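Have a look at the structure below, then the notes.
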Amino acid sequence: MKSAAVLPVIAAAEPVLGANSGQKFARPVVVSTWDSGMTANAAAWRILKAKGRAIDAVEAAARASEEEPSCCVGLEAYPDRDGYVTLDASIMDHRSNCGSVVYLQQIKHPISVARKLMETTKHVLLAGDGALQFARENGFEVMPRKLSADAEKEWKEWLKKSEYKPVINIENRKISQNEKSAPYTINGAVNHDTMGTIALDAGGDLSGACTTSGMAFKMHGRVGDSPIIGAGLFVDNKVGAATSSGVGEEVIRICGTHLIVELMRFGYSPTRACREAVRRIVDRDRAAAKEMQVGFIAISRTGEVGAFAIQSGFTYSVTNSGTSKVFASDSIFKAPPQQPGS
Ligand code: ASP
């Protein structure tokens, strides 16, 4: 069995536009949103390459994202408009078991709370104080309420205008020195956001996980698509799995990932199914869609991988025994989105 270290890794700085459209990957295989999905994939791959289960792999992927400050999810991420980091996460396995937490604060790994909920209770979704209480009762450490230095700086900057306007492809982090030449950066920022991971294990089972701090500077209490099963994440072991990143309200309106999996059930390829979901968002309000980003990734039960987005700039990472690459998704609007200052 090859180890991750000997994979022919193509640096995250080289997304391959549309190169995998409709491409089938031998299982096991893991796919994550964004270039930062490489971090998530590496954690998932350690499990998948040893013939581990997809559910363990996707949880490990989400945990890796949650503890990587540059991944822009977890406690170091940007807060809501009142300065609170509120986290949402969901997980779903090959038997349609699922668990979600929303508006969870001070917990480092919301994805593991979601999994605990899935595996030890009859419930699917816990919110806020109840989710925190459940986490505490199950041994999760409650962390101090504290913004990261970067999040605090950006929040204070945002407060000057208090204008809620999610910027396409750039919700979060500024690039580091060694990423300056990355082609997927736009005006000095990296396309990092919600981390969604879907995996097909060696035994042919699918699972998915999705973790986020939600839209930066959202209204206090706002919850997006990521923890909503059928919106930000859906898995049907007989068909495929899908997850999303971007403006969650749009994804919720069309039950995005459920729609994608259902379209795949009726013969759509993952790419075509993702495109149809994006098209529905754009058709509802084309002018509004021009100002926002939503990206979907999907995998079929046979390992075919696809993606589609409203805007260019959405990337996703694919890892299996022969591939570890960032791909650039195709999109409805091809021109690079306008960014502040451009
Ligand atoms: N989809 C997430 C939400 O709406 C955020 C994002 O991906 O930017 O909460």
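What you see is a predicted model; the values in this text were computed from it and never measured. Read the numbers this way: they start at 1 and go in the same order the structure lists the ligands and their atoms.
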Q | Side-chain H-bond candidate by donor/acceptor type, His109 with Glu59, under 3.5 Å | A |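 There is no such pair between these side chains.
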Q: For ligand 1, note which part of Lys218 has a heavy atom under 4.0 Å away: side chain, backbone, both or neither.
A: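 Within the 4.0 Å criterion, Lys218 makes no contact with ligand 1.
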Q. Which part of Ser245 is near ligand 1, with near meaning a heavy atom under 4.0 Å away: side chain, backbone, both or neither?
A.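 It is both parts that get close, each with some atom under 4.0 Å.
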What I want to find out is whether [X] reaches [Y] closely enough, with some N-O distance under 4.0 Å, to be called a salt bridge.
{"X": "Glu67", "Y": "Arg63", "result": "no"}
{"X": "Arg222", "Y": "Glu249", "result": "yes"}
{"X": "Arg115", "Y": "Asp56", "result": "yes"}

Q.
With a sphere of 6.0 Å drawn around CZ of Arg95, does it hold more than 12 non-hydrogen atoms of other residues, nucleotides or ligands?
A.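 Incorrect, the count does not exceed 12.
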Q: Look at atom 4 (O) of ligand 1 and find which of Arg222, Met292, Glu250, Glu249 reaches it with the closest heavy atom.
A: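 That would be Arg222.
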Q: Looking only at distances, please establish whether an N/O atom of ligand 1 is found under 3.5 Å from an N/O atom of Gly248.
A: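 It does: an N or O of Gly248 is found under 3.5 Å from an N or O of ligand 1.
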Q. Has ligand 1 got any nitrogen or oxygen that is less than 3.5 angstrom from a nitrogen or oxygen of Val247?
A.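 Looking only at distances, the answer is no, because the N/O contact criterion of under 3.5 Å is not met.
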Q.
Let's go through Tyr316 and Phe327 carefully: what are the C-alpha distance in whole Å and the side-chain angles of both, what is the deciding distance for ring-ring contact (aromatic ring centres under 6.0 Å, His included) to 0.1 Å, and is it a yes or a no?
A. CA-CA 5 Å; Tyr316 59 103; Phe327 293 91; 5.6 Å; yes
Pull out every atom of ligand 1 sitting under 4.0 Å from any heavy atom of [X], numbered as shown with elements.
{"X": "Ser226", "answer": "1 (N), 2 (C)"}
{"X": "Asp225", "answer": "1 (N), 2 (C), 3 (C), 4 (O)"}
{"X": "Gly224", "answer": "4 (O), 9 (O)"}

